[in-house]
Amino acid sequence: MKERILSGMRPTGALHLGHLLGALQNWVTLQNQYECFFMVADWHALMSEYEDPKEIRLSGQRMVVDWLACGIDPEKSVIFRQSDVSAHLELAFILGVLTPLSWLERNPTYKEQLRELSARNLTTYGFLGYPILQAADILLYRAAKVPIGVDQLAHLELAREIVRKFNSLYGGDLVEPMPLLTQTPKLLGIDGRKMSKSYDNSVALGDEPEAIFRKAQKMFTDPKRIKMTDPGHPDQCNVYSYYKIFTPERHREVYDYCSNAKKGCTDCKKDVGKVLADFLGPIRERRNRWLASNGKIEEILQQGAQRARSAASETINQVKKMLGI
Ligand code: TRP
Ligand code: SF4
């Protein structure tokens, strides 16, 4: 029997290259080695978007389109929406009862998000409990491993602490999940900061070629290369790192013309736009096909929900038994 893994993303807007490199490419390969559950974390989205939650549902469906376009396969993996499986909230409540406030308050991600998303009031009971719901997501499926990025490590560590406390209080046998960290190339946004929708510096998976060219043209380059006759320093140029990631076979050529001042940055950026547009071409095509297949996405989510519900209800029933409730 294959080991089980679970991962999820919050549906808060269009997915971009950072999601592809940091998670989706990895998920696609994991599908062959593991029994995979991929979850649209819409309750988690609600925690930050509660003032205006109307976009969450459509964002979730769009996110699944992106997943499918990148190669997540509903024949291999369970694709489902958190809110379709009510056991997530039940288990989160139970885990919340036994989680000390101090564990939540010291969570570095919580503190960081409060700072970063300062436009919204996130000093809520729900948002503080974010990692409790995440723990429930994982424990409900008895997932042995959780593919995540380093930014989620603190949440997983908390989940492990919560399981240990649950098991020791009730003699339970819930599984302590391990992180599955994968090495992914670091891809920065077009302005050189972390790629993020909120910084408006990302290339979305669904961007049209014209939008990609425009963004490529705006990319930050080696600040020391002012005139075309100045030799550049590719290792200090974000554009060069895109070549390394998306056309490994061409990066030597770029290194050469840049460091020997044989080609200017404007042309170099024009080319990188083409590289990205070509790279995203097949994804965009599959995306458009899924977008046109009205109803198919919701059908996949409903099939996934059935499979998820049957796995989750087994655990929640056992948990209630362990509690004697
Ligand atoms: N917190 C995760 C994120 O923001 C999303 C998430 C929710 C998740 N539940 C999960 C990830 C369970 C892994 C496992 O990216
Ligand atoms: Fe960067 Fe290309 Fe300009 Fe070199 S030529 S500094 S790699 S944009």
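We count ligands from 1, going down the list as the structure has it; atoms in each ligand are counted the same way.
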Novice: Where the closest heavy atom to atom 15 (O) of ligand 1 is concerned, which of Met47, His88, Gln152 has it?
Specialist: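 Nearest option to atom 15 (O) of ligand 1, by heavy atoms: Gln152.
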Novice: Test side-chain hydrogen bond (donor to acceptor under 3.5 Å, both in side chains) on Thr182 and Thr184; report intermediate values, then the result.
Specialist: CA-CA 6 Å; Thr182 32; Thr184 47; 5.7 Å; no
Novice: Who gets closest to atom 2 (Fe) of ligand 2 by heavy atom: Pro234, Cys268, Ala261?
Specialist: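 Result: the heavy atom closest to atom 2 (Fe) of ligand 2 is in Cys268.
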Novice: Which atoms of ligand 1 sit under 4.0 Å from any heavy atom of Val146?
Specialist: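 Selected atoms, number and element: 13 (C), 14 (C).
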Novice: Below 4.5 Å, heavy atoms only, C-beta onward: do Asp42 and Arg57 meet side chain to side chain?
Specialist: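 No - every pair of side-chain heavy atoms lies 4.5 Å or more apart.
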Novice: When you look for heavy atoms under 4.0 Å from ligand 1, do you find them on the side chain of Leu133, its backbone, both, or neither?
Specialist: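 Leu133 to ligand 1: no contact under 4.0 Å from either part.
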Novice: Please say which of Leu291, Val65, Ile79 ends up in a side-chain contact (heavy atoms from CB on, under 4.5 Å) with Ile297.
Specialist: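 By the side-chain contact (heavy atoms from CB on, under 4.5 Å) criterion, Ile297 pairs with just one of Leu291, Val65, Ile79: Val65.
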Novice: Kindly confirm or rule out an N or O of Ser7 lying under 3.5 angstrom from an N or O of ligand 1.
Specialist: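 No.
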Novice: Show your reasoning for whether ring-ring contact (aromatic ring centres under 6.0 Å, His included) applies to Phe80 and Tyr141.
Specialist: CA-CA 13 Å; Phe80 73 104; Tyr141 299 92; 5.5 Å; yes
Novice: Please report which non-hydrogen protein atom sits nearest to atom 1 (N) of ligand 1, along with the residue it belongs to and the distance in Å to one decimal place.
Specialist: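 Among all protein heavy atoms, the one nearest atom 1 (N) of ligand 1 is Tyr130 OH, 2.7 Å.
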Novice: Is Leu46 reachable from Val64 through a run of hydrophobic residues whose side-chain heavy atoms are each under 4.5 Å from the next?
Specialist: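 No, because Val64 and Leu46 fall into different hydrophobic clusters, even though each may have its own neighbours under 4.5 Å.
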Novice: Using a 4.0 Å cutoff against the non-hydrogen atoms of Cys265, which atoms of ligand 2 qualify?
Specialist: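 Checking each atom against Cys265, I get 3 (Fe), 5 (S), 6 (S), 8 (S).
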Novice: Under 4.0 Å from a heavy atom of His44: which atoms of ligand 1 are those, numbered in the order shown and with their elements?
Specialist: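 Those of ligand 1 that fall under 4.0 Å from His44 are 7 (C), 9 (N).
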Novice: Against Val239, only a single residue in Cys265, Cys268, Cys258 fulfils side-chain contact (heavy atoms from CB on, under 4.5 Å); can you say which?
Specialist: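 Filter result, single survivor: Cys268.
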Novice: So which heavy atom in the protein is nearest atom 8 (S) of ligand 2, and how far is it from that ligand atom?
Specialist: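 The answer is Thr221 CG2, 3.5 Å.
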Novice: Determine whether Val150 and Leu181 make a side-chain contact, defined as any pair of heavy atoms from C-beta on separated by less than 4.5 Å.
Specialist: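 Counting from C-beta outward, Val150 and Leu181 do come under 4.5 Å.
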Novice: For atom 1 (Fe) of ligand 2, which of the options Cys237, Gly232, Ser241, Cys258 provides the nearest non-hydrogen atom?
Specialist: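 Nearest heavy atom to atom 1 (Fe) of ligand 2 lies in Cys237.
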Novice: State whether the side chain of His44 and the backbone N or O of Tyr130 hold a donor-acceptor pair below 3.5 Å, judged by distance alone.
Specialist: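 Yes, the answer is positive, given that a donor and an acceptor are paired below the 3.5 Å cut-off.
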Novice: Find all atoms of ligand 1 within a distance of less than 4.0 Å from any non-hydrogen atom belonging to Ala41, and give their numbers and elements.
Specialist: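 Going through ligand 1 atom by atom, the ones under 4.0 Å from Ala41 are 7 (C).
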Novice: Quick check: does Asp137 get an N/O under 3.5 Å from an N/O on ligand 1?
Specialist: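 The answer is yes, given that Asp137 and ligand 1 share an N or O pair closer than 3.5 Å.
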Novice: Salt-bridge test for Glu161 and Arg106: reply yes if a basic N is under 4.0 Å from a carboxylate O, no otherwise.
Specialist: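 Salt bridge flag = yes for Arg106 with Glu161.
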Novice: Taking only heavy atoms of Arg10 into account, list the atoms of ligand 1 that are under 4.0 Å away from them.
Specialist: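 Heavy-atom distances to Arg10 below 4.0 Å select 4 (O).
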Novice: Any side-chain heavy atom of Leu104 sitting closer than 4.5 Å to one from Tyr110?
Specialist: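 Counting from C-beta outward, Leu104 and Tyr110 never come under 4.5 Å.
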Novice: Pull out every atom of ligand 2 sitting under 4.0 Å from any heavy atom of Arg225, numbered as shown with elements.
Specialist: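 With Arg225 as reference, the close atoms of ligand 2 come out as 3 (Fe), 5 (S).
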Novice: What are the two closest non-hydrogen atoms of Pro177 and Leu139, and how far apart are they?
Specialist: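 For Pro177 and Leu139, the tightest heavy-atom pair comes out as CD-CD2, 4.1 Å.
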Novice: Quick one: which ligand 1 atoms are inside 4.0 Å of a heavy atom on Leu6?
Specialist: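 Counting from 1, the qualifying ligand atoms are 12 (C), 14 (C).
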Novice: Where do Glu298 and Gln302 land on the side-chain hydrogen bond (donor to acceptor under 3.5 Å, both in side chains) test, with the steps shown first?
Specialist: CA-CA 6 Å; Glu298 207 37 51; Gln302 289 315 318; 2.8 Å; yes
Novice: How close does the nearest protein non-hydrogen atom get to atom 6 (C) of ligand 1, and which residue and atom is it?
Specialist: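 Atom 6 (C) of ligand 1 sits closest to the protein heavy atom Gly8 O, 3.9 Å.
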Novice: For ligand 2, which atoms sit closer than 4.0 Å to a heavy atom of Asp222?
Specialist: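 In order of number, 6 (S).
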Novice: For ligand 1, indicate whether the residue Met39 contacts it via side chain, backbone, both or neither (heavy-atom separation under 4.0 Å).
Specialist: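 For Met39, the contact with ligand 1 is made by the side chain alone.
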Novice: Identify, for atom 8 (C) of ligand 1, the protein heavy atom at the shortest distance, and state residue, atom and that distance.
Specialist: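 In this structure, atom 8 (C) of ligand 1 has Gln134 NE2, 3.6 Å as its nearest protein heavy atom.
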